[in-house]
Structures are given as C-alpha cells and as structure tokens.
Amino acid sequence: MAVTGIAAFFFLCAAGFAGLGLADQRRLYWRFAARRHRDPAANEPSDRAFAWQRGVLFVAAGVMVFQGFSVVSAADSDSWSKDELRRAVEGAASELEEEPQLDDRYSDYAYLIESKVGEAGEGAGPSYAVEVEASDAEPDDYTITADGVDGAFCMRISQTESDEGGFGVPGVGGQPGTVVPEYDLKAAVDEGGC
C-alpha cells in the first residue's frame, strides 16, 4: 500500500537525521565540507555551531517521526478493520434498542442503521465507507459491509409498537389530528451476510 511506503520513508528519514545528529559533527565537517574552503582550518565552525547543527538534526528527526505517525494515524482512520466494524455494528444495535424509533414509510431501517454504525464507530473508520442493504429474502434483515473489510455482518430487526405510544400531529382546518406511532426495536447481530 502506498501509505505504508510514505510512512516508511518518513521513518527512514528520521533514522538518517538521528544518525547524523549522533555522529561527530567535526568529523563530518572535515569529511564533506572542508574541501570547499581554501583554508579549511580557518573556516571550521565553532563548537557552538556544531552543537546548533546537532540540535537541528535531532529536531528534523523528531519532525519526521511525527509525520510518519501522522500518516499511519490518517491511514488507520481512513479504513475499517473487521473488529472495528464488529464493535460499531454491535454498538449500533444497542443504540437502536435504547429509544423508540419512527417507522420508515417502507419499513426500511437501512439509513438509520447506517447512521448509527457511523456514530458508534466514530474514529474507527469513515462512515461513508459503511453500506447497509436490506435483504431480499427477509425485509427486516440488513447486511452491513464496509470498504476494505473482508466479510459482512447481519443485523436482524424486530419491532413492536412502543408503550410510549407515539406523537400527535394536530389537524388543520377542523380536520382531526393523527397519531404517528413509534416502535421499540430489537436488534440481533450475526457475523456473515443475511
């Protein structure tokens, strides 16, 4: 993967800078820079200049290490692992059961499940990479996948009308209002597609 190569490049640069910082600066001067001067001894930097150079090399090594870990961190947050997806799906199932939900017009909870998986897995992977599809065989079964994850999870939803009822929508122009029912959901998660 290209990201691994970029991170390895930063870590190799960090090792190179650290190695140069640990080396004898005076010997490096005489080996590589002295030949550029007519009188190398007169142009030899002071001990303070060598110390400053050494410090700059260590700072550069630290910056390269930071960049390497930043690349690794960004790559990790841009993809899901199977365990991260499993935890997010199980967390989404728990969240769905916590409070009553409105019934979708088509009894399809795919969008709701997708958003709950994204919330439960925040920081583990990008929510846009999660896909939830209703099963053709069982309308209350949903297959959950994510880009880069080899495998899928099946969430089975069952709903019962909530004891809390629902909420009322007032009528307009003398028409009677309606009650929009809410449903308590039960969600079970299995490994594999539905």
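- Residues Val63 and Phe10 are members of one and the same hydrophobic cluster, defined by side-chain heavy-atom contacts under 4.5 angstrom among Ile, Leu, Val, Met, Phe, Trp and Tyr.
- We find the CD1-CD distance between Ile144 and Glu131 to be 11.0 Å, quoted to the nearest 0.5 Å.
- A distance-only check finds no donor-acceptor pair linking the side chain of Tyr142 to the backbone of Ile157 [under 3.5 Å].
- With hydrogens and angles disregarded, no donor-acceptor distance shorter than 3.5 Å links the side chain of Arg86 to the backbone of Ser81.
- The nearest pair of heavy atoms linking Pro100 to Ser162 is CG-OG, 3.6 Å.
- Judged by distance alone, the side chains of Gln101 and Tyr109 never bring a donor and an acceptor atom under 3.5 Å apart.
- Here the shortest heavy-atom pairing between Tyr29 and Glu44 reads OH-N, 3.5 Å.
- Contact of the Phe9 side chain with the Gln67 side chain is not registered, since no non-hydrogen atoms from C-beta on lie closer than 4.5 Å.
- No side-chain heavy atom of Glu182 sits under 4.5 Å from any side-chain heavy atom of Glu99.
- Looking at heavy atoms from C-beta onward, Val130 lies in side-chain contact with Trp80 at the 4.5 angstrom threshold.
- The pair Glu97-Lys116 does not count as a salt bridge, with every side-chain nitrogen at least 4.0 angstrom from each carboxylate oxygen.
- Within 6.0 Å of the CG atom in Asp136, the count of heavy atoms belonging to other residues, nucleotides or ligands does not exceed 12.
- With Gln25 contributing its side chain and Leu20 its backbone, the two residues share a donor-acceptor pair below 3.5 Å.
- Within a 6.0 Å radius of CZ in Arg31, no more than 12 heavy atoms belonging to other residues, nucleotides or ligands are found.
- Looking at every heavy atom in both residues, Gly91 comes nearest to Ala120 through C-CB, 3.9 Å.
- For Trp30, the CH2 atom counts as densely surrounded, since its 6.0 Å shell holds more than 12 non-hydrogen atoms of other residues, nucleotides or ligands.
- Partners of Cys154 under the disulfide bond (SG atoms under 2.5 Å apart) rule, at least two apart in sequence or in another chain, are Cys194.
- Between Met155 and Val132, the closest side-chain pair of non-hydrogen atoms is not below 4.5 Å.
- For the pair Ala18 and Ala61, the tightest heavy-atom approach, listed with the atom from each and the gap, is N-CB, 3.8 Å.
- Distance check: Glu95 CD to Leu112 CG gives 9.5 Å after rounding to the nearest 0.5 Å.
- More than 12 heavy atoms of other residues, nucleotides or ligands shown are found within 6.0 angstrom of CZ on Phe58.
- Between Arg54 and Asp24, the closest heavy-atom pair is NH2-CA, 4.1 Å.
- With sequence neighbours excluded, the residues forming a ring-ring contact (aromatic ring centres under 6.0 Å, His included) with Phe69 are Phe11, listed by chain and number.
- Taking both residues in full, the closest heavy atoms of Phe17 and Leu57 are given as CB-O, 3.5 Å, listed atom of the first, atom of the second, then distance.
- Annotation: side-chain hydrogen bond (donor to acceptor under 3.5 Å, both in side chains) contacts involving residues 143-153, sequence neighbours excluded, are absent.
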